[in-house]
Amino acid sequence: MTATANAAALALGDDALVLSHRLGEWAGHAPVLEEDVALANIALDLLGQARVLLSLVGDEDELAYLREERAFRNLQLVEQPNGDFAHTIARQLYFSLYQRLLYAQLAVTDGEFAGLAAKAVKEVAYHQDHAEHWTERLGDGTAESHERMQRACDALWRFTGEMFQPIEGLDIDWQALEASWMEAVTAVLERATLTMPAGPRAGGWAAGAGRQGLHTESFGRMLAEMQHLHRSHPGASW
Amino acid sequence: MVTHMTDVTDMPDVNGVTETTACGTPVATGESATVGETRLEAELRRLAGSVPDPELPVLTLEELGVLRGVQILAPGTVEVKLTPTYTGCPAIEAMTSDIERVLHDHGIPEVSVVKVLSPAWSTDDISAEGRRKLAEFGIAPPRAHAAEGPVPLTLSVRCPNCGSTDTELLSRFSSTACKALRRCVSCREPFDHFKEL
């Protein structure tokens, strides 16, 4: 692959890897058993996608476990801590809608990622379905769940502009992608009786330099935990 | 059953890829599949396809529709193309070693199992016999679907225990990535549903 294609594979692969790890942190802690299972299954799908993408670039284990924080190219959105369940669902909603729209377009191009995208987009459809149902249940639930779901959607809003920074090498109409995403989010939040967040998504007060290797404070701690075993016992296997 | 395949170099067509199979079974569709399959390749594909799915042992890999082709690259060297159900399905590693073992046992010293993603596997690739076995095993088989994405909930899923169509979704994700958890309103039994992909 070309250097540009490698960089694109890292961006997509790191998104999937990092979100997979975050979702895996819910194992044993989710509010109900079914959600423990659901979040772990979504994490597994993402991990599978990450493995394919990172393997296009090099050794998947080296890339996952031996890179420093600034070498990761994931969005800052996916590295955000799980927060309460509503924060995890808001992160899932924003990211799964983005990933589904993006992969649906990649699937019909003839680039390096078409095969994976065509397969992954079907899995992501279930992630989106899961996130949408929970957004509606929590938003249109009790006063407490409504308030917490709204707070989560608002808190993560400033991370959503970064998703539409063009990734070099991908033949995507990013403006159209953003418009479709905005339309989809608006529809879900409306059904969930939630208010569209109003804060900035770009500029000085917004987040977003993950694609350039700049990450938020919690990401370093997440990596330390994720990489600890491999770094402590190089070459170990089950 | 093939029990005599210990010396593949005796076969006249081990290097050939032009002879079309006389065995009737069509080669799996898809751009990665071999168009003309030799008789030995067809036999080996049947063997590889007879391996049970490690997570759903009532199904064979052939019935699950994940086997994409078997090709003899050189005498004693065989490449098997396998596609995962889900991209992250951990069963693919067990499937790979099971296929290698079966083909080793039948006299193929060099077996490589290659993972192919395209064209993407779909639950429509599960054979009719596979669907029947799933239901018999207590797992509601996937419904046929044309479009990608979740099937509308208006299409009912039949309870594999009592046959009622009055069933409800408990969770879109269940014991493995490929299943959803449902409950029968009539007999109250929870059951797995092989969800459409």
Side-chain angles (χ1 to χ4, degrees), chain A residues 12-13 16-17 20 23-24 26 30-53 55-56 60 92 96 99-100 103-104 106-108 110-134 238, chain B residues 30-32 55 65-66 68 81-97 114-125 142 145-153 168-183 190-197:
Chain A
L12 301 176
L17 175 68
S20 168
L23 292 173
W26 274 108
V32 289
L33 183 61
E34 286 80 1
E35 279 312 297
D36 228 84
V37 171
L39 295 172
N41 269 309
I42 294 171
L44 182 63
D45 286 345
L46 291 166
L47 187 63
Q49 296 161 16
R51 292 185 63 181
V52 171
L53 287 160
S55 296
L56 291 173
E60 53 177 339
Q92 281 305 107
S96 64
Q99 205 190 14
R100 186 174 183 188
Y103 279 26
L106 289 178
V108 294
D110 54 1
E112 290 89 347
F113 309 115
L116 169 71
K119 182 153 188 66
V121 74
K122 301 199 295 175
E123 300 163 3
V124 174
Y126 280 100
H127 306 176
Q128 180 196 339
D129 191 51
H130 172 262
E132 288 192 2
H133 275 85
W134 271 111
W238 294 107
Chain B
E31 57 191 8
S32 58
E55 285 182 356
V66 294
R68 285 282 165 82
K81 287 197 171 77
L82 192 63
T83 195
T85 53
Y86 281 69
T87 316
C89 181
I92 195 116
E93 281 159 25
M95 290 178 188
T96 299
S97 56
V114 182
K115 188 165 100 172
V116 293
L117 293 179
S118 189
W121 180 85
S122 153
T123 40
D124 290 345
D125 296 338
H145 71 313
E148 65 177 42
V151 170
L153 294 176
E168 61 188 4
L169 182 70
L170 292 181
S171 176
R172 280 159 196 79
F173 298 89
S174 186
S175 54
T176 64
C178 55
K179 293 191 231 98
L181 187 63
R182 297 186 73 90
R183 177 168 52 206
F191 64 90
D192 267 338
H193 166 223
F194 205 121
K195 69 184 179 229
E196 295 75 19
L197 188 73

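Every heavy atom of this structure was used, including side-chain atoms; hydrogens, water molecules and symmetry mates were not. Residue numbers start from 1 in every chain, and the chains themselves are labelled A, B, ... in the order their sequence lines are given, proteins ahead of strands.
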Fill in: Mutual orientation of the aromatic rings belonging to B/F173 and A/H127 [parallel < 30°, tilted 30-60°, perpendicular > 60°]
tilted
Worksheet item: Quick one: what part of A/L47 sits under 4.5 Å from any heavy atom of chain B, side chain, backbone, both or neither?
Response: neither
Item to complete: Specify which of A/E35, A/E123, A/R51, A/Q128 makes the most heavy-atom pairs with chain B at under 4.5 Å.
Response: A/E123
Practice prompt. Measure the CG-CD distance between B/L181 and A/E34 for me, rounded to the nearest 0.5 Å.
Written response: 6.5 Å
Discussion item. Is B/S171 in contact with chain A via its backbone, its side chain, both, or neither, using a 4.5 Å heavy-atom distance?
Written reply: side chain
Worksheet item: How many angstroms lie between atom CG of A/L33 and atom CG of B/L170, to the nearest 0.5 angstrom?
Response: 11.0 Å
Worksheet item: Who among A/A38, A/G115, A/A114 has the most heavy-atom pairs with chain B under 4.5 Å?
Response: A/A38
Worksheet entry | Per-residue contact mode, B/S122 against chain A (heavy atom under 4.5 angstrom) | both
Worksheet item: If you measure from CG on B/L197 to NZ on A/K119, what distance do you get to the nearest 0.5 Å?
Response: 6.0 Å
Item to complete: Just jot down the side-chain contact (heavy atoms from CB on, under 4.5 Å) partners of B/A177, sequence neighbours excluded, or say none.
Response: A/N41, A/D45, B/Y86
Fill in: Nearest non-hydrogen partners of B/K195 and A/Y126, listed with the distance
CD-CE2, 3.6 Å
Fill in: Gap separating the SG atom of B/C89 from the CG atom of A/L44, nearest 0.5 angstrom
7.5 Å
Discussion item. Can you list everything that forms a side-chain contact (heavy atoms from CB on, under 4.5 Å) with B/I92? Sequence neighbours excluded, please.
Written reply: B/L82, B/P84, B/T96, B/K115
